[in-house]
Amino acid sequence: MAIILDHINYIYDADTSMAHAALKDVSLQIPDGQFIGLIGHTGSGKSTLIQHMNGLVSPTSGAVYFDGKDINDPDFNKKDLRAKVGLVFQYPEHQLFEIDCFTDVCFGPKNLGLSKKEIELRAYEALKQVGLPDEYFYQSPFDLSGGQKRRVAIAGVIAMKPDVLILDEPTAGLDPKGRDEILGLIKNLHDTMGITVILVSHSMEDVADYVDRIIVMNKGEVAFDGEPKAVFSHYEELEAIGLAAPQVTYVMQELRKAGFPVDTEATTIMEAADEIMRIM
Amino acid sequence: MLRDITLGQYYQTDSIIHRLDPRVKISGTLLFLVSLFIVDNFIGYLIAALFLVMAIKLSRVPLKFIFKGMKAIYLLLLITMIFNLLLTPGTPIFTIWKIKITIEGIKTAVMMGVRLVFLITGSSIMTLTTTPNQLTDGLEKLLNPMKKLHVPVHEIAMMMSIALRFIPILLEETDKIMKAQMARGADFESGSLINRAKSLIPLLVPLFISAFRRANDLAMAMEARCYRGGEGRTKMKPLVYRKRDAIAYIVIAGYLVLCIVFGKILF
């Protein structure tokens with residue numbers, strides 16, 4: 001079920017005076033089961049990129065393959081694709097519309113044409129997976145807190161049982177506790193369901209603890225693509241494009257400069273702590 | 001998809017028309033529209049065409065942009081012309097089955113067509129050279145005397161500028177919600193009419209909620225800055241007539257006189 005992006009270009013407002021390229025020659029391979037962080041500054045093209053992956057946006061040139069098939073082929077069934085590549089938009093709680101949370105989560109599976117029993121089963125399962133307390137199931141989604149609303153919205157996509165789950169800035173506007181909860185929840189989904197997860201963010205700090213691959217976008221191009229350790233070793237270049245490596249990287253680099261023989265590859269606080277303990 | 005729609009299409013450049021006071025442009029456009037209904041002969045239309053060409057030239061807006069607005073009305077234009085062509089009584093030139101084509105019919109059809117094209121072109125020059133904010137400012141100032149009749153002029157102008165400001169925001173929002181629901185398997189394009197109307201619920205409910213939320217936020221922000229309507233309110237850039245505005249008024253008046261003299265009375 002791998003996704004392959006082959007030399008994608010995308011131009012906004014083509015053939016007007018406002019034309020500008022949002023994506024320039026982007027080629028990527030998304031194999032099964034990876035947990036990927038897609039990082040970039042505002043306007044770097046990350047949101048446009050993920051919309052290519054489930055066919056909401058078609059590239060100006062280049063091709064997107066899902067499971068070996070060109071998704072922009074006229075015969076390709078995009079509805080099936082969208083069930084397999086689940087996309088959670090930024091501020092997904094703004095798309096809630098039903099009278100209660102449970103019915104709202106049913107919307108996705110219902111569009112897949114499943115039986116009533118299967119729909120309700122999936123909705124229930126999804127709401128459980130996102131950890132929404134039972135007493136909220138039959139409440140209006142508009143009465144919930146921001147964090148809970150977001151859980152319901154994410155459940156709405158999970159209920160379609162996608163093979164690939166893409167989340168656009170799922171922690172935007174949440175407090176630190178809510179952020180950790182949502183990220184922990186996504187990590188848990190990845191581990192228990194074995195699905196591919198692409199986490200879009202502008203903060204390295206957010207994703208460093210969770211992902212096994214980081215793709216950095218800058219001005220519509222892929223700037224770096226690799227394991228977190230490898231990407232963070234370019235911390236100076238990252239700063240030049242307006243991003244920053246996690247603070248741990250800076251601490252380790254400073255320690256190294258000050259003459260301590262630490263390994264600068266530690267990316268999480270736990271790793272760094274172990275490393276410092278080791279040399280002491 | 002939706003972002004391709006342009007409304008209140010201002011064309012950014014610097015020209016004498018752009019710099020004119022919006023009041024001049026509003027009243028000038030109105031008078032031009034009136035003049036189109038005064039004239040009813042060839043010379044009158046020629047004068048109007050010359051005036052229009054002069055305005056376009058002075059505005060430095062590329063012709064392409066001016067005729068873009070024409071696309072929206074071309075169906076209306078076609079229907080108007082066909083109806084006038086077929087339904088005007090008079091001396092028939094030729095008859096096909098039950099349809100009579102008359103000289104008068106051809107004449108009115110052409111006249112109506114030209115009139116409509118001029119009408120749209122004339123008003124697009126105004127919208128292309130004036131920002132929505134300038135337009136509402138101008139309108140407010142022009143309607144000021146109506147305050148005596150207890151017409152809430154300032155409030156109307158404020159509502160207009162807020163409405164105009166929110167059009168692109170809501171369009172963008174619609175696009176976003178549409179995509180989000182499509183990602184959940186929603187289908188807005190196929191199915192029977194009833195199904196398609198039903199499929200709009202997941203789009204309309206979030207859109208209304210978002211519109212109310214934005215309205216609420218805006219009201220709060222205005223309140224926080226002590227906004228309380230037009231009473232005693234001053235402007236950062238008050239509209240002041242300059243020499244060029246006076247000249248423009250004279251030119252418009254001259255044009256109107258020419259129209260009346262040549263387009264109506266003499267022939």
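Throughout, a chain's letter reflects where its sequence line sits, starting with A, and its residues are numbered from 1.
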Novice: What do you reckon, is CZ of B:R214 surrounded by more than 12 foreign heavy atoms closer than 6.0 Å?
Specialist: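 Yes.
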Novice: Within a radius of less than 6.0 Å around NZ of B:K235, do more than 12 heavy atoms belonging to other residues, nucleotides or ligands occur?
Specialist: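 Counting other residues, nucleotides and ligands, NZ of B:K235 exceeds 12 neighbours.
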Novice: Around atom NE2 of B:H154, are there more than 12 heavy atoms from other residues, nucleotides or ligands closer than 6.0 Å?
Specialist: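 Yes.
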Novice: Output the distance between atom CE (B:M182) and atom CG (A:N111), rounded to the nearest 0.5 Å.
Specialist: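 Atom-to-atom, B:M182:CE and A:N111:CG are 11.5 Å apart.
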Novice: Using heavy-atom distances under 4.5 Å, tell me whether A:E98 contacts chain B through its side chain, its backbone, both, or neither.
Specialist: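 Contact with chain B is absent: no heavy atom of A:E98 under 4.5 Å.
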Novice: Using a 4.5 angstrom heavy-atom cutoff, name the option from A:Q95, A:Q90, A:R82 with the most pairs to chain B.
Specialist: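 Top count of heavy-atom pairs under 4.5 Å with chain B: A:Q95.
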Novice: Nearest 0.5 Å, please: how far is CZ in A:F89 from NZ in B:K176?
Specialist: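 Answer for the NZ-CZ pair, B:K176 versus A:F89, is 9.0 Å.
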Novice: Within a reach of under 6.0 Å around NZ of B:K141, are more than 12 heavy atoms found that belong to other residues, nucleotides or ligands?
Specialist: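 More than 12 heavy atoms, drawn from other residues, nucleotides or ligands, come within 6.0 Å of this atom.
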Novice: Sort out for me which of B:P202, B:P206, B:S210 touches chain A most, counting heavy-atom pairs under 4.5 Å.
Specialist: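 Among the listed options, the one with the most contacts to chain A is B:P202.
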Novice: Could you tell me whether B:E172 atom CD has more than 12 heavy atoms of other residues or ligands within 6.0 Å of it?
Specialist: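 Not more than 12 within 6.0 Å, no.
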Novice: Looking at every heavy atom in both A:Q51 and B:K179, which two are closest together, and how far apart are they?
Specialist: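 Scanning both residues, the minimum pair turns out to be OE1-NZ, 2.7 Å.
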Novice: Heavy-atom distances under 4.5 Å only: say whether A:V85 touches chain B with side chain, backbone, both or neither.
Specialist: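 Contact with chain B involves no heavy atom of A:V85 at all.
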Novice: Using a strict threshold of under 4.0 Å (side-chain N to carboxylate O), is an ion pair present between A:D104 and B:R184?
Specialist: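 Salt bridge between B:R184 and A:D104, a charged N being under 4.0 Å from a carboxylate O: yes.
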Novice: Looking at B:I177, B:V205, B:L203, which has the largest count of heavy-atom pairs under 4.5 Å with chain A?
Specialist: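 Most pairs with chain A among the choices: B:V205.
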Novice: Just wondering, more than 12 heavy atoms not from B:F208 lying within 6.0 Å of its CZ?
Specialist: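 No.
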Novice: Step through the shown structure and confirm whether more than 12 heavy atoms of other residues, nucleotides or ligands are within 6.0 Å of CZ on B:R213.
Specialist: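 Yes, because the 6.0 Å sphere around CZ of B:R213 holds more than 12 heavy atoms from other groups.
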Novice: State the CG-NZ distance between B:D187 and A:K78, to the nearest 0.5 angstrom.
Specialist: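 If we round to the nearest 0.5 Å, B:D187:CG and A:K78:NZ are 12.5 Å apart.
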Novice: More than 12 heavy atoms of other residues, nucleotides or ligands under 6.0 Å from OH of B:Y74: is that the case?
Specialist: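 No - once you tally the heavy atoms of other residues, nucleotides and ligands closer than 6.0 Å, there are 12 at most.
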Novice: Side chain, backbone, both or neither: which part of A:L87 has a heavy atom under 4.5 Å from chain B?
Specialist: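 Both parts, backbone and side chain.
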